[in-house]
Number of protein chains: 2
Amino acid sequence: MGSSVSKDDHVVTMRDVAKAAGVSIKTVSNVVNDYEFVSDKTRAKVNEAIERLGYVMNVSARNLRRGRTGIIGLSIPDLQMPYFAQLSSLVIEEAKKVGLRVIVEPTLYSREGEFDALLGSQQTMMDGLIYSPLQLGVADIEDIKLEYPMVLVGERIFTDRFDHIATENVEGAKRATQYLLQIGCKRVAVLGTHPGEDIGSASLRLQGYKEALEEAGVDFDPRLEAPVGMWHRTDGVEAMNHLLDSGAQPDGVVALNDMLAAGAMHAIQMRGLRVPDDISVVGFDNSDDSQYLSPALTSISPGLEAVARLSVRVLNERIAGQHPLGNDTDAAVFRKVSSTLVVRDSTRQPAVA
Amino acid sequence: MGSSVSKDDHVVTMRDVAKAAGVSIKTVSNVVNDYEFVSDKTRAKVNEAIERLGYVMNVSARNLRRGRTGIIGLSIPDLQMPYFAQLSSLVIEEAKKVGLRVIVEPTLYSREGEFDALLGSQQTMMDGLIYSPLQLGVADIEDIKLEYPMVLVGERIFTDRFDHIATENVEGAKRATQYLLQIGCKRVAVLGTHPGEDIGSASLRLQGYKEALEEAGVDFDPRLEAPVGMWHRTDGVEAMNHLLDSGAQPDGVVALNDMLAAGAMHAIQMRGLRVPDDISVVGFDNSDDSQYLSPALTSISPGLEAVARLSVRVLNERIAGQHPLGNDTDAAVFRKVSSTLVVRDSTRQPAVA
DNA sequence: TTGTAAGCGTTATCAG
DNA sequence: CTGATAACGCTTACAA
């Protein structure tokens, strides 16, 4: 036989175990579910029977009875983007800790996919959903009716109808810019903007850059803004070359994500300039491989661990019918996870004071 | 209310719909399941009632009754590795096409995790498993008893007890090496070996390299073998620098994965040498970002699309109790997916003949 | 501490 | 083409 499905005549059920152990079904159930008040003797008897008969719980039956499945959904745009792969990995890990399994649903940049994840045929297959939309806006979900609790992740939608765990896009970029200013950069460029786009990470991060400049009393120089098409490495190369050719003379670069930063460093180095000696570079996302670049990339970490931990916790509490995060009200939770600057070798050391 | 769970007094069931539509429960079931022989009039009536009452199927009840859950597991070492993120993404996509959902289980490089994925408490929660182990060997699973069909993916374990979709590690590296030879490289280095490791991708790929050399009548020069610790970008930088310093004078490099290749290109370029003019570089895995490197990386594509498609198909056929891949026997399937060389800009153009 | 019995919401069987 | 009715395997009052 190719596969090894056990094709026994009869599937072993609790009833069989009960009979074999000479106890009632209820007792078997108690043992299986670690109910406290079972005598050791009985427990041993039952466990022996379970072992002997090769009994395994039928999860579907339990789910039907309990009205829960122990599964949550995680809807993200693209599992192949390092940012979302990491988020997924962390969410799965957190969920496991509280006995939940995760079905990951990549929506692949389509509105339809995002709606589907929300209202798809599996509404009763999941106890809840962690939702990170890219296409949908507030209007789309404002008066949607869901069968289960949902936690929003990201900064795409703001509403008080749902619990929401947000990241610090503005503050993160601001922090990066401030750091470059602080270590003595005079002409800090921002690389990777999406002109004309009013919502999304790019505009939020640009805003943070501008805020830092303003608070430092530095005028915004449009020549130091390098727009790109996508956020890939080549776009970073291209934009950085443009910046270098334009005579804008940057001595620091805030790249709006790590791939752009990698490309920027490449372009800089290809000209015989050095990172960080001639130009310091900061990335964003602190993706796994930022530490493996040459030089290792200083980057803003959005704190995905906390995002994963909080969103799973809130969702789990909603599923259990509790108020989230120990609140005393039922109101939707909004929480912003702090970003941190991870300093590596792509930025000069701070000037000694 | 923070979340929007519909807490109606009574969950709408098929019975309610049947009553509302003035038909029997079975008829509702027939409509919901797209049973062919239902009169249009009846179907319309039922659908109207479903809409009006806001009925949604209880998946757990269906699962219990049908004895299937419509969920398969995918066990991989690490969701954050591009290779596995891509595999997962593709498997999810393929599974969706045949009405299956996927629970991804990253085993995080531990034997325990890999056993867990196999025998975990959810044995009846999944209809089948796609399994890509890293730690376990044949001995570990040789006489394991599973509740469901399992399809192996990778080249870690070879057994005829389970269906197996393999990739071309040997052939892929051979193809890469042959290509470099063909375009005129005289001293082709292999970068990223793991000396002393007898099983796993590194040794298989090294083997392919050696086979190509041998068939071309080129002696293997140990000075052209660059071992590394890990398969990260920095390891590629380091190993390439070592190669360059050693006087081995490579004019072509087969990197054992794309990250190593990226690092190698970086090291080469930092010395003022050019890719591909001075040294041609081929990577392995054809990861998403190989096309975004500078220059865009020529790479071996392991054909993950086909791996995903085949493994889902075989698993699905097993679940349905059919012979896999249209075979006339029940024997375990073994299929090797062809790798292909994706030529980009990191290799010289073939010399004109 | 353990047993009894009534569902959970669907699907399948088999008549009508 | 449609309708009654019996499972599917488990949990959970309630009783003992």
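Keep in mind the model is a prediction, meaning the values are calculated, not measured. Proteins come first, then strands; the chains are lettered A, B, ... in the order of their sequence lines, and each starts at number 1.
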Original post:
Looking across every strand, which nucleic acid part, if any, lies under 4.0 Å from V38(A) by heavy atom: base, sugar-phosphate, or nothing?
Top reply: sugar-phosphate
Could you check how far [atom1] of [X] sits from [atom2] of [N], rounded to whole Å?
X	N	atom1	atom2	result
L64(B)	dG7(C)	CG	P	17 Å
K45(A)	dG3(C)	NZ	P	8 Å
M14(A)	dT4(C)	CE	P	16 Å
I25(B)	dA7(D)	CD1	C1'	14 Å
R62(A)	dT10(C)	CZ	P	21 Å

Side-chain H-bond candidate by donor/acceptor type, [X] with [Y], under 3.5 Å:
X	Y	answer
N33(B)	R62(B)	yes
D78(B)	Y109(B)	yes
E142(A)	T159(A)	yes
D16(B)	Y55(B)	no

**OP:** Kindly indicate whether the side chain of R65(B) and the base of dT11(C) share any N or O donor-acceptor pair separated by less than 3.5 Å?
**Re:** yes
For [N], does OP1 or OP2 lie under 4.0 Å from any side-chain N or O of [X]?
X	N	result
T27(B)	dC1(D)	no
T42(A)	dT2(C)	yes
S29(B)	dT11(C)	yes
S24(B)	dG3(D)	yes
S39(B)	dT2(D)	yes
N33(A)	dT11(D)	yes
Y55(A)	dC10(D)	yes
S60(B)	dG9(C)	no
N63(A)	dC8(C)	no

Subject >> Ring geometry between H164(A) and F334(A) (parallel below 30°, tilted from 30 to 60°, perpendicular above 60°) >> reply: perpendicular
